[in-house]
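Okay, structure first, notes after.
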Protein chains: 2
Amino acid sequence: MNQNSGARGRRRHRGTDRVTIQDVASAAGVAAITVSRALNTPDRVSAKLRERIDQAVASLGYVPNLVAGGLASAEMRMIPVVVPSLSILTFIEVIHGIQQTLEEAGYQVLLGSTDFDLDREASLIDSLLGYSPSGVILTGLRHHERTARRLNSWGRPVIEIMELGDDCIDMNVGVDNYAVGACMAKHLLARGFQRIAYLGTGMDRDYRAMQRFEGHRRVLEEAKVECDILFRRDEPSSYASGRRLFLEALATRPDLQALHFANDNLAAGALMEANRQGVRVPEEIAIGGYLGLSLGEHLTPQLTTVTVPRFEMGVQAAKLMLARLECREQSASRMDIGYELTVREST
Amino acid sequence: MNQNSGARGRRRHRGTDRVTIQDVASAAGVAAITVSRALNTPDRVSAKLRERIDQAVASLGYVPNLVAGGLASAEMRMIPVVVPSLSILTFIEVIHGIQQTLEEAGYQVLLGSTDFDLDREASLIDSLLGYSPSGVILTGLRHHERTARRLNSWGRPVIEIMELGDDCIDMNVGVDNYAVGACMAKHLLARGFQRIAYLGTGMDRDYRAMQRFEGHRRVLEEAKVECDILFRRDEPSSYASGRRLFLEALATRPDLQALHFANDNLAAGALMEANRQGVRVPEEIAIGGYLGLSLGEHLTPQLTTVTVPRFEMGVQAAKLMLARLECREQSASRMDIGYELTVREST
DNA sequence: CTGTTAGCGCTTTCAT
DNA sequence: ATGAAAGCGCTAACAG
């Protein structure tokens, strides 16, 4: 038996001197492929050999070289997740759901961010595909034509998250932004408000906020209520921007009764500014948001918002990806993650 | 010239039919290795060939197979970042700084989370090393002995972030938690408070919060002031927990004058609960936090806190990593990212 | 169930 | 400055 130590031989080339599958094979007295099988598809190896191999693996401290395996099998068990920004909590929460679900299944998440730039998205995806990932998860349905084409012909699972639409590359998990915007608008109308403004930041980049506005606008139009919009082009959606928007709204449109913010960061900022100014919400002016950030339920008054299950969206996207990877099913390629109007004190 | 199309020949094996470096080489009429050099070390190829190659790359739409390159060079230009949790904003901000800096330099971030479990960290790192990453960034200085040993003998850059200490594996970027805790304690004493409690959650897992408490405790001891601690073992650091801790503190220690929270999430929750209860801060009770979350400056009263540049910590860690990878310098292997006492209205 | 063989696509090594 | 040859460590393909 060549059971024992010293299982290092060749290394003609450069070789990092790590324990290889061949070392394990020699130690266990089998062929390399059998070790491979024992590790990847244990049922295809007899119990006896499997045990011998496991033992050799343990005693040598063998750790598979996933790069070599990835090259041979043309699959790296990685899923790039491409989002516009890592400073927006929403994306983080989705990523969290994705990461947690995929890691459990032995897939790793590669992080990519585009800063809302479709050119960067295109080149990022190009280089990401160079890693032979098992699938790709990216944000939104709008991409460079080149991105869509490349991904289309790529032949592996692709999921577009966040927004929902008819024309996706492969699979789609998200919310209907038009419906979300309409939902809050209806709520505000139902509360009896007639002078309503939609407020946001950077909506030229974040077109999903614009979709929500469009949903909002249509509802007001239908109700024959005048539609007002106020947005600051180059600001992020921070508490500070929310405060500024709030002050600007008060100053320039003193007769407004309700403010529909593009997201909870802004809405929370507005709420905090209202508190500071002693403006009573909703008596003097009502405030509604979007997202369902936990902060909203702890502020006084509590924030009315449209809640989207962001973590869950990530989990569902990851599950869909896994289902597809394991060929379990050709599964639904489109999933509406839904939303919920959370009526609290601020309206 | 074999300049034109049809540059697909063999594929004896499985082959994903992607354009390979060989296709480019044929199209440009050079050897594969020259294409490799033109792409990776352009100065080592004559301008003439370089141009011809660039053209072939563009016209064929060649995208390098990073896995093959990674196997050959034993380096994947990836940096795993391992954190305890993706639901804690602090880590997210650090990751953001890391990701942004590394992506600019052409390195990808692999995300890993351990849920504060050193066993999971150990096995996660094992498999992450299987990807032949260029370096590793992980959280904290406490690891399984096996993790430390493996990383030590690994021979590539390793950075431990968040906390600062004497005994790191390779490089260390973080803050001195003891000093941070002491800093707030001194501030509270200087404000004249004598009955002070330290409040936190899950500090058995997050030992860095415990280090801050220890710094706090020593200061009080020195000042001969009694030291009180209140913590809830199995709760996350949420606004809700902060509110509960606040109520519990009021109920069980009605004579407390100041509350030192383990982080701003808790402190902000407490502040919001105080507002809801009509408890005046800091007149009836003072509140201090840790982190410098932006929320703190928008609440009323504004939160006094110890601010840590989290995004910047990520950026610095990434820069240190890059410096090491490019061998620019053997650079300082330990970086104190510092902190700042931000005195606002709540104390 | 196990083994042999032949690459995956690139880069290192060593020549020229 | 360019090229030929030889693998990196693993798995797909095909036998037995």
Side-chain angles (χ1 to χ4, degrees), chain A residues 7-26 28-53 57 60 62-77 127 129-132 134, chain B residues 7-26 28-53 57 60 62-77 127 129-132 134:
Chain A
R8 300 284 172 73
R10 89 253 77 112
R11 294 293 131 64
R12 298 155 281 238
H13 202 184
R14 38 256 120 117
T16 39
D17 235 16
R18 258 182 54 171
V19 179
T20 73
I21 203 172
Q22 185 53 59
D23 298 329
V24 177
S26 308
V30 298
I33 186 67
T34 305
V35 177
S36 173
R37 283 199 269 254
L39 262 30
N40 300 318
T41 49
D43 350 309
R44 290 189 189 172
V45 172
S46 67
K48 191 177 142 190
L49 278 191
R50 207 184 319 141
E51 197 191 337
R52 241 196 306 159
I53 290 168
V57 165
L60 292 176
Y62 171 67
V63 179
N65 182 330
L66 300 173
V67 184
L71 179 59
S73 67
E75 178 175 351
M76 279 289 273
R77 292 186 78 86
S127 66
L129 291 188
Y131 285 101
S132 293
S134 304
Chain B
R8 301 288 172 69
R10 88 255 76 115
R11 296 288 131 65
R12 296 156 283 240
H13 202 183
R14 36 254 126 117
T16 40
D17 236 14
R18 259 182 55 171
V19 180
T20 73
I21 203 173
Q22 185 53 56
D23 298 329
V24 177
S26 307
V30 298
I33 183 63
T34 307
V35 177
S36 172
R37 283 199 270 254
L39 262 28
N40 299 320
T41 50
D43 351 309
R44 290 189 188 170
V45 172
S46 68
K48 191 178 138 191
L49 279 191
R50 208 185 316 141
E51 199 191 333
R52 225 172 346 134
I53 289 169
V57 165
L60 292 176
Y62 170 66
V63 179
N65 182 330
L66 300 172
V67 184
L71 179 59
S73 68
E75 177 175 353
M76 281 287 275
R77 291 186 78 84
S127 65
L129 290 187
Y131 285 102
S132 291
S134 304

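Residue numbering restarts at 1 for every chain, and letters A, B, ... go by the order of the sequence lines.
Side-chain N/O atoms of A/Tyr62 include one lying less than 4.0 angstrom from OP1 or OP2 on D/dC10. Between B/Ser46 and D/dT2 there is a side-chain polar atom (N or O) within less than 4.0 angstrom of OP1 or OP2.
Distance from the side chain of A/Ala31 is smallest to C/dG3 among D/dG9, C/dG3, C/dG9. Looking at the side chain of B/Ala72, the nearest of the listed nucleotides D/dT11, D/dA4, C/dC10 is C/dC10. Candidate nucleotides C/dC10, D/dG9, C/dG3 were compared by shortest atom distance to the side chain of B/Ile21, and C/dC10 ranks first. Of all nucleotides listed (C/dG3, D/dG9, C/dG9), D/dG9 comes nearest to the side chain of A/Thr20.
Computed from coordinates, the A/Asn65 CG to D/dG9 P distance equals 7 Å when rounded to whole Å. Computed from coordinates, the B/Ile33 CD1 to D/dA1 C1' distance equals 12 Å when rounded to whole Å. Distance, A/Leu71 CG to D/dT11 C1': 10 Å, rounded to whole Å. Rounded to whole angstrom, the span from the CE atom of A/Met76 across to the P atom of D/dC10 amounts to 13 Å. To the nearest angstrom, P of C/dC1 lies 9 Å from CZ of A/Arg50. The nearest whole Å value for the distance from the CD atom in B/Glu75 to the P atom in C/dC10 is 17 Å. Rounded to whole Å, the distance from OH on B/Tyr131 to P on D/dC10 is 14 Å.
In this structure, B/Arg50 contributes its side chain and B/Ala38 its backbone to no donor-acceptor pair below 3.5 Å.
In this structure, B/Val67 and A/Met76 have side chains that are in contact, with non-hydrogen atoms separated by less than 4.5 Å. The shortest side-chain heavy-atom distance between A/Val35 and A/Val30 falls under the 4.5 Å cut-off. Between B/Val57 and B/Ile53, some side-chain heavy-atom pair lies under the 4.5 Å cut-off.
Residue A/Val67 is out of contact with every strand shown, counting any heavy-atom pair closer than 4.0 Å. Residue A/Val45 is in sugar-phosphate contact alone, with no base atom involved, counting any heavy-atom pair closer than 4.0 Å across all strands shown. If you check every strand for non-hydrogen atoms under 4.0 Å, A/Leu66 touches nothing.
Taken residue by residue, residues 34-41 of chain B places heavy atoms nearer than 4.0 Å to DNA chain C at B/Ser36, B/Asn40.
Each of B/Ala68 and B/Arg44 was assigned the nucleotide of DNA chain D with the nearest heavy atom; the assignment lying further toward the 5' end belongs to B/Arg44. Taking the nucleotide of DNA chain C with the nearest heavy atom to each of B/Gly70 and A/Asp43, the more 5' of the two is matched to A/Asp43.
Considering CD1 of A/Ile21 and OG of A/Ser36, their distance stands at 4.5 Å, rounded to 0.5 Å. Separating the OH atom in A/Tyr62 from the OG1 atom in A/Thr20 is a distance of 7.0 Å, to the nearest 0.5 Å. From A/Arg18, atom CZ reaches atom OG of B/Ser132 across 6.5 Å, with rounding to the nearest 0.5 Å.
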